[in-house]
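Please read the structure below before turning to the comments.
Start at 1 and go down the list; that is how both ligands and their atoms are numbered.
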Amino acid sequence: MLHIFILCWCDTIQMKKKNYPNNNIWNIKDSKELYKINSWGDGYFDINTNGNLVVKPGNGENEIEIRQVIEYLKTKNINTPILLRFPRILESRIHELYESFTGSITEFAYDGTYKGVFPLKVNQRKDVVEEIIRAGKKYHYGLEAGSKPEFIESLFFNLDPEALMICNGYKDKHYIKTALAFSLIRKNIILVIDRIDEIHDVIKYSKELSVNPKLGIRLRLYSKGSGKWVDSGGESAKFGLTTEELLSVIDILSTHNMLCNLKMLHFHIGSQITRIRRIQDAVKEASRIYAKVKEIVPDLEYFNIGGGLGVDYEGSKTSADSSTNYSMQEYTNNVVFTVKEICDQEGIEHPTIVSESGRAVAVFHSLLVTHLVSEISAIHSSNIKHDKYDTPIINKFHRCFMDINTKNYRESYHDSLEYKDELINLFNLGALSLEDKAKGEAMFYGICQKIFKIIHQTRDHSQEFDRINKLMSKRYIGNFSLFQSMPDFWAVEQLFPIMPIQRLDEKPQCFSTILDMTCDSDGEIDKFVCMKDTSGLLEIHAPDKQPYYIAILLLGAYQDAIGDLHNLFGAVHEAHVIVTAKNTWEIKKIIKGDSISSVLDMLQFNKQNLISNIRSMIRESVEDHVISQQTANNIANDIIKQINDYTYLKFD
Ligand SMILES: *Cc1c(COP(=O)(O)O)cnc(C)c1O
C-alpha cells in the first residue's frame with residue numbers, strides 16, 4: 001500500500017513540473033492573450049505593469065486601475081459587488097460611430113449625411129442617457145423610444161433641436177396623441193407607423209390637434225438578420241408593414257393630403273447581427289423600396305436602418321452568436337456604399353442615413369466587479385488504495401490509473417467509464433461491498449484527476465471531457481447575482497468577457513466555473529471567452545490572503561433594464577468614474593444599491609409595517625418570558641440594521 005502511495009505522490013510532482021514549466025516567465029502579455037483582452041476590448045481595456053486591469057475611457061489617452069477604484073470605494077463603505085460606469089467611454093463610442101459614418105460618406109462621395117439616435121431600450125438610466133445626450137450634442141445625436149413610457153422619459157431631456165426623436169413600438173391612441181401633441185412643441189419628433197392600424201389614429205389626432213407631424217413607416221423586409229435575434233426581421237416579424245400595407249398607407253395619407261408628412265422609412269432586422277452579408281441584403285432591399293417610394297413622396301428624406309450593429313463579445317471575429325464577422329467601419333462602409341449604389345441606379349437624391357445603434361454605443365461603458373467568496377468542489381481528493389486481495393474490477397481500475405499518459409488518456413478515459421458502469425452494476429447486484437464501491441469510485445476520480453491535468457496541459461478542449469472538467473474543476477462562488485447583473489447570460493446564453501482584475505503578471509493555476517449567490521442551479525457561469533474562443537472554465541489564480549476580485553465586462557447594453565430580483569438580490573452599488581488629469585481619476589457619483597427593505601418595498605412590503613410586525617413578535621416573546629428585554633433589544637436593533645443593509649453578502 002505504501003508503495004502505491006509513493007508512486008502516486010511522485011507522479012503528482014512530476015505532473016506539476018510538466019504542467020507549469022514557465023511559471024516564472026509568465027508576464028502580462030500572456031494574460032492579455034489568455035483573456036483575449038485586445039480582441040474584445042476595442043482598446044478600452046488593458047493590463048498595466050503591476051499586473052492589474054486598467055480601463056482606458058478615452059481609448060488610449062489615460063488609464064484607470066480598477067483595483068485602486070475598488071479599494072478607494074471600500075474606504076467609503078461601498079463594497080463589492082459594484083458596477084463601475086465610465087461615462088467617457090460613451091462619448092468615445094458616439095464619436096467613433098460618427099467618425100466611421102463620416103469616413104464612409106467621404107470615401108464613397110455620398111451626398112447625404114448621417115444622423116444617429118440612441119434607442120432608450122438599450123439603457124434607460126438617467127445618468128447614462130444624460131451623458132449620451134451631452135456627448136452627442138455636437139453631432140445632433142438623438143433618441144429613439146420603443147414604448148410609451150420610454151417616450152415620456154425622452155421628454156425629460158433637452159435634445160438639440162436638430163437631433164431626431166423617433167417614436168417606435170406598439171402604440172395605443174394615447175401614445176399617438178401625446179407624441180403628436182409634443183410635435184407642436186418639438187419639431188424633431190418622428191412618429192413611426194409600426195402597424196397598419198396606427199395610421200387611422202395618426203390622421204385623426206393630427207387633424208384634431210392641428211399638427212403637421214413628421215411620420216415614418218417601418219418596413220417588414222423579406223431579409224432577415226442573423227444570430228439570436230434573427231426572428232426580429234423577415235416576413236413573420238412582430239412589427240413593420242408589408243409592401244401591400246405600405247402602399248395602402250401611402251394611399252390613405254394621400255387622400256388626406258398628408259403625403260408630404262411622410263419623412264422616413266425605417267427597418268430593424270434584429271439586434272447583434274453577426275454576419276455583414278445579412279446587413280447588406282437588408283439595406284439593399286430597403287434602399288430599393290426607399291427609392292421607389294421617394295418617386296411618389298418627394299418629401300421623404302430619412303433612411304433609417306435601425307439597430308443591429310453587433311459587438312464582438314468573444315473576440316473571435318466570427319459569425320458566432322456572441323461575435324460579429326465585421327468591424328464598425330465595415331458596417332458603415334457597407335451601408336453607405338449600398339445606399340449610394342441603389343439610389344444612383346434609381347436616379348434619386350441620397351437620403352440622410354439614420355441608425356439606431358444601441359448595443360454598440362452603450363456596451364463598453366460599464367463593468368461589474370465582485371470578489372470570490374469561497375470554493376466548492378464536486379470531488380475533493382481521491383485516496384488510491386490497492387492490494388492483492390482486490391476484486392477484478394478494482395484491479396482493472398488500478399491498471400488503468402497506473403498506465404495513463406499523454407498518449408493514451410482518451411482511451412483510458414473510455415475504459416474508465418466502462419469500468420465505472422461495471423462497478424455500479426456489480427454493486428447493485430450485491431456482488432461488491434460498500435468498501436469496494438468506495439475504492440472503485442476513488443480510482444475513477446483519480447483517473448479523472450490525471451486526465452484533467454493532461455487535457456489542460458495539452459489544451460485539449462474536446463467536448464467529451466466536459467464531464468471531467470465539471471467533476472474536477474474548482475467552483476468559486478462570487479458575491480453577485482447573474483440574474484441581476486448579467487441576465488442575458490441566462491436568458492439567451494450571451495457571453496460576457498470575465499477576468500481577474502489583479503495578479504495578471506502571475507500564471508493562473510486554477511480552472512474554475514463561477515457560481516453566483518442565488519440558490520438557482522442556473523446561477524453558474526460555465527462559458528468563458530478564452531484563447532480558443534470559448535471554454536467551460538475560467539483560469540484564475542490560487543487563493544491567497546487578499547480578496548480576489550473578478551470583473552464581468554461589456555455590461556452596458558440591455559443588462560441594466562433586464563436584470564431581475566431573483567432571490568431578492570437587488571440593484572448593485574454603482575460608481576461613475578471619470579479621468580481628471582493624466583492617469584488620475586475621480587468618482588463623480590455613487591449610487592447605492594438596493595437595501596433589503598427597498599427590494600421588499602417593490603414587493604409591497606412596507607418597511608414600517610415590516611418593522612412593527614417584527615417588533616410585536618419580539619414583544620410577545622418578552623411578555624411570555626421566552627427572552628429577556630435585553631435580548632429583545634439586541635435582536636430588534638440587529639434586525640433593523642439588517643433591513644437597511646445591502647442585499648449581497650457583507651464581510652465586516
Ligand atoms: C432594439 C432596437 C434597436 C437597438 O438595436 P441594437 O442592436 O442594440 O443596436 C434599434 N431599433 C429598434 C427598433 C429596436 O427595437
List ligand 1 atoms under 4.0 Å from Gln272, heavy atoms only on the residue side.
7 (O)
For atom 9 (O) of ligand 1, the protein heavy atom that lies nearest, with its residue and separation:
Gly358 N, 2.7 Å
Charged N to carboxylate O under 4.0 angstrom, Asp321 versus Lys228?
yes
Here the atoms of ligand 1 under 4.0 Å from any heavy atom belonging to Ser357 are 9 (O)
How close do Leu191 and Ala179 get, counting heavy atoms only, and between which atoms?
CD1-CB, 3.9 Å
Decide if the gap between the ring center of Tyr35 and the ring center of Trp40 is smaller than 6.0 angstrom.
no
Indicate whether any N or O donor in one side chain lies under 3.5 Å from an N or O acceptor in the other, for Arg134 and Tyr141.
no
So is Phe239 touching ligand 1 or not, going by heavy atoms under 4.0 Å?
no
Ligand 1 contact on Lys121 by region, counting heavy-atom pairs under 4.0 Å
side chain
Nearest protein heavy atom with distance in Å, relative to atom 7 (O) of ligand 1
Ser271 OG, 2.5 Å
Please report whether the ring centroid of Phe496 lies less than 6.0 Å from that of Phe489.
no
Going by the order shown, which atoms of ligand 1 are within less than 4.0 Å of some heavy atom of Arg359?
6 (P), 8 (O), 9 (O)
What atoms of ligand 1 come closer than 4.0 angstrom to any heavy atom of Val122?
8 (O)
Minimum-distance protein heavy atom relative to atom 13 (C) of ligand 1:
Glu356 OE1, 3.4 Å
Contact atoms of ligand 1, heavy-atom distance to Glu144 under 4.0 Å:
12 (C), 13 (C)
Return the closest protein heavy atom for atom 8 (O) of ligand 1 as residue, atom name and distance.
Tyr558 OH, 2.6 Å
Sub-6.0 Å ring centroid separation between Phe569 and Tyr648:
yes
Determine whether the aromatic ring centres of His350 and Tyr110 lie less than 6.0 Å apart.
yes
Just heavy atoms, cut-off under 4.0 Å: does Pro119 contact ligand 1 by side chain, backbone, both, or neither?
side chain
Is Arg288 paired with Glu346 through a side-chain N to carboxylate O contact shorter than 4.0 Å?
yes
Taking NZ, NE, NH1 and NH2 as the nitrogens, is one of them in Asp46 or Lys32 under 4.0 Å from a carboxylate oxygen of the other?
yes
Any Gly308 heavy atom less than 4.0 Å to ligand 1
yes
Name the option, out of His268, Arg218, His266, that contains the heavy atom nearest to atom 3 (C) of ligand 1.
His268
